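Reviewing the structure listed below.
Everything quoted here is computed from the prediction, not taken from an experiment.
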Amino acid sequence: MRYSRICSGVFVSRPNRFLAMVEIDGEIQACHVKNTGRCKELLTEGAALYLQCSDNANRKTQYDVIAVQKGDILINMDSQAPNRAAEEWIKQGGLLPQVTLLKPETRFEDSRLDFYVETANRRMYVEVKGVTLEADGLALFPDAPTQRGIKHIRHLCRCVENGDEAMLLFVVQMKGVRGLSPNDATHPQFGDALREAKRKGVRIEARDCIVTPDSMTIADEIPVYL
């Protein structure tokens, strides 16, 4: 997936979860943050940011925060990017060969799962989780407690019980990590649910991404340490 009209800036402050104050060409601009997570380890004073400039004159903010430089790692922090990249990856045969049907946002019981995928002889539900938290070379999820995430895991387990395949795909929005682990220190119940899902036959997979200031592409599978 690719962005257009990209520029660079320097992070100054974050007055609320939707806005960041960013210095762009010597001026402080209010920019939309396309990630409502905490991101405290990413949005630090002086951090280099990449932003997309909107051509919509009716918007309150002209810029969207797309990516941030954290040390040697460029991290995409657009919360919409993982699903867009996953859809491209599935269409290109990354998940299953010869996909005959791909339905985004598919209802299952009282929830919606990100994708329903069919081939001539397989049916699979896929839930995508974007990952932006990195510590000591390890990607961690979640960065904050997520009851919604646990609900999705339980629904994936029921997909397997109903005779379908199910997958939880962690899209790690960076390169350079050695693997992914559930963030048990932040939300141990999510880690417990993930391990139970693995035992019940849910496919748990993590893939890193090639990230540039104006693109993000799903790349290599990395280990998941449960």
Chi angles and distances behind the side chain to side chain contact (heavy atoms under 4.5 Å, CB included) call for Met77, Gln173
CA-CA 7 Å; Met77 56 179 294; Gln173 295 168 249; 5.6 Å; no
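- The heavy-atom pair separating Leu169 from Trp89 by the smallest distance is CD2-CZ3, 3.8 Å.
- Judged purely by atom type and a 3.5 angstrom limit, Arg123 has no side-chain atom pairing as donor or acceptor with the backbone of Glu118.
- Residues Phe115 and Val131 do not share a hydrophobic cluster, clusters being chains of Ile/Leu/Val/Met/Phe/Trp/Tyr side chains in contact below 4.5 Å.
- At a threshold of 4.5 Å between side-chain heavy atoms, the hydrophobic network of Ile, Leu, Val, Met, Phe, Trp and Tyr places Val33 and Ile75 in one connected group.
- Here Arg199 pairs with Glu196 in a salt bridge; the nearest charged N to carboxylate O distance falls below 4.0 Å.
- Closest approach of His32 and Thr61 over heavy atoms only: CB-OG1, 3.6 Å.
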Using the side chain to side chain contact (heavy atoms under 4.5 Å, CB included) rule, take Phe190 and Thr146 through it: C-alpha gap first, then chi angles, then the decisive distance, then the call.
CA-CA 7 Å; Phe190 180 87; Thr146 172; 4.0 Å; yes
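- Smallest separation of non-hydrogen atoms from Val65 and Ala20: CG2-CB, 4.4 Å.
- In this structure, Met174 is not a member of the same hydrophobic cluster as Leu133, with clusters built from ILVMFWY side-chain heavy atoms closer than 4.5 Å.
- Using a 30° and 60° split on the angle between ring planes, Tyr125 and Tyr116 fall in the tilted class, from 30° to 60°.
- With respect to Asp184 and Arg195, a salt bridge is recorded, a charged nitrogen being found less than 4.0 Å from a carboxylate O.
- Hydrophobic clustering (side-chain heavy atoms under 4.5 Å, transitive across Ile, Leu, Val, Met, Phe, Trp, Tyr) groups Ile90 together with Met1.
- When all heavy atoms are compared, the tightest approach of Leu156 to Leu113 is CD2-CD1, 4.0 Å.
- Ion pairing between Lys70 and Glu134 holds under the 4.0 Å rule for side-chain N and carboxylate O.
- With respect to the salt-bridge test (charged N to carboxylate O, under 4.0 angstrom), the residues Glu165 and Arg122 qualify.
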Could you please spell out the steps behind the side chain to side chain contact (heavy atoms under 4.5 Å, CB included) verdict for Asn162 and Phe108?
CA-CA 11 Å; Asn162 290 345; Phe108 182 85; 3.7 Å; yes
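- The existence of a salt bridge linking Asp136 and Arg178 is excluded, since no basic side-chain nitrogen approaches an acidic carboxylate oxygen closer than 4.0 Å.
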Enumerate, atom names and distances included, each donor-acceptor pair closer than 3.5 Å involving a side-chain atom of residues 208-217, sequence neighbours excluded.
{"residue": "Asp208", "atom": "OD1", "partner": "Lys175", "partner atom": "NZ", "Å": "3.3"}
{"residue": "Asp208", "atom": "OD1", "partner": "Asp220", "partner atom": "N", "Å": "2.9"}
{"residue": "Asp208", "atom": "OD2", "partner": "Lys175", "partner atom": "NZ", "Å": "3.0"}
{"residue": "Thr212", "atom": "OG1", "partner": "Asp214", "partner atom": "N", "Å": "3.3"}
{"residue": "Thr212", "atom": "OG1", "partner": "Asp214", "partner atom": "OD1", "Å": "2.9"}
{"residue": "Thr212", "atom": "OG1", "partner": "Ser215", "partner atom": "N", "Å": "3.0"}
{"residue": "Thr212", "atom": "OG1", "partner": "Ser215", "partner atom": "OG", "Å": "2.6"}
{"residue": "Asp214", "atom": "OD1", "partner": "Arg2", "partner atom": "NH1", "Å": "3.2"}
{"residue": "Asp214", "atom": "OD2", "partner": "Arg2", "partner atom": "NH1", "Å": "3.1"}

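- The hydrophobic clustering, which links ILVMFWY residues whose side-chain heavy atoms are closer than 4.5 Å, places Val117 and Ile218 together.
- Between Val128 and Pro82, the shortest heavy-atom distance links the atoms CG1-CB, 3.9 Å.
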Side chain to side chain contact (heavy atoms under 4.5 Å, CB included) evaluation trace for Glu87 with Leu102:
CA-CA 8 Å; Glu87 185 169 5; Leu102 174 60; 3.9 Å; yes
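- Scanning both residues, Ile153 and Ala193, for their nearest heavy atoms gives CG2-O, 3.4 Å.
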Pair Tyr50, Tyr3 - check ring pair (Phe, Tyr, Trp, His ring centres under 6.0 Å), show working.
CA-CA 11 Å; Tyr50 293 95; Tyr3 302 94; over 10 Å; no
